[in-house]
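One-based numbering, in listed order, for ligands and for the atoms of each.
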Amino acid sequence: MAHDAPQAAGPSKLVIRNIGLLLSGAMERPILDADTIVAENGKITAIGRAKDVNSEGATTIVDANGTTVAPGLIDSHVHPVAGDWTPRQNQINWIDSYLHGGVTTMISAGEVHMPGRPRDVVGVKAMAIFAQRSFWTLRPGGVKVHAGAPVIENEMVEDDFKELAAAGVKLLGEVGLGGVKDGPTARKMVGWARKYGIQSTIHTGGPSIPGSGLIDKDVVLEADTDVIGHINGGHTALPDGQIRCICEGCKRGLELVHNGNERSALFTLRTAREMGDLSRIILGTDAPAGSGVQPLGILRMVSLLSSLGEVPAEIAFCFATGNTARMRALDCGIIEVGRSADFVIMDKAQHSPGKNILESVQLGDLPGIGMTIIDGIVRTQRSRNTPPATKVPEIVGH
Ligand SMILES: [Zn+2]
């Protein structure tokens, strides 16, 4: 298994030059006028034109060859269990495969596929702390997996949330996947979580697998989680009227997932656009799931929303990067000085009819990935999973 996360030994300076198109990840200014990025010790230190930035002393130089650099993609909704293995479909290396789909950060919505998952309060807390610790230590392929997301049970009290937070837990798993399925109890516990700095999400829609249940708009709105987890269902979506009520009834994040109803995703997108609220849209895969794992799931969502939802491709990429980073207070996801040097370098796929990468995505094609970088370290070169990129970046110096 690809459990190695090569760490930089000593000071490092990465220079990416000859960038043809720089996507920022930030909706207010999705394209930056720059052709060079400098990152020192894993953080972005300069963005600009080659003549204006200090490239001296680089330990790694990447020639982008005129291709497109974007922030590494963020999957807002995954269900990891242990290391780079998932028992859901008994696959190994699924996280490493996601890296080849441009995903450099993942957020756990609960480690619910753990065989024999404990339901008692001590067991729930122990498992969350274990998952937080193990994924903090281990980065499959270098991917940052934010895990340790307990699923709330009816017996929990305020002190449990205080204890979880003190132990380093920062997320709740999907409300509704445990014993708590009613609005008032969910609201009370989500409030406790928020009080101690723990972010929350909720399962929205019909049951995902035998044993899970329906969570409708009334429960979603009453629970008031920070993120409306898979508002387009996981996989069974709520009726459009209920989705509209949720969009209009709160200001929380609207998460669209690959393992959801695609028509409902487009309905949510249009509703958010009418409301001038596209900054609330974030993307996940909700994998591993009944339909497997989808290493290209985030790219496919970007392409789906851009092509069928008529969103400019550079904005659709923000759904998978800056919007999620802001909502979840991550230091990646936007090309900005001071943030993590996590990048995906892409180009139009070979033989896509679009005249450039943005047009190809708007036509519904996937881009080809040529390189991923996490914390200023090159992790992969030409993707083994995407269609081949027309042009690829190369490492030209160390
Ligand atoms: Zn769910």
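Under a 3.5 Å cut-off, the side chain of D277 and the backbone N or O of R280 do not form any donor-acceptor pair.
The distance from the Zn ion (ligand 1) to the nearest N/O/S atom of D286 is not under 2.8 Å.
Summary: NE2 is the N/O/S atom of H230 found nearest to the Zn ion (ligand 1). Per residue E174, closest N, O or S atom to the Zn ion (ligand 1): atom name OE1. In H203, the N, O or S atom that comes nearest to the Zn ion (ligand 1) is ND1.
The pair R49-D52 does not meet the salt-bridge criterion, since no charged nitrogen lies less than 4.0 angstrom from a carboxylate oxygen.
None of R339, R326, K43 except one satisfies the salt bridge (Lys or Arg N to Asp or Glu O under 4.0 Å) rule with D331; the exception is K43.
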Assess the residue pair Y196 and W192 against the criterion (ring pair (Phe, Tyr, Trp, His ring centres under 6.0 Å)); give the C-alpha distance rounded to whole Å, side-chain angles, the decisive distance to 0.1 Å, and a yes or no. CA-CA 7 Å; Y196 296 106; W192 287 336; 9.0 Å; no
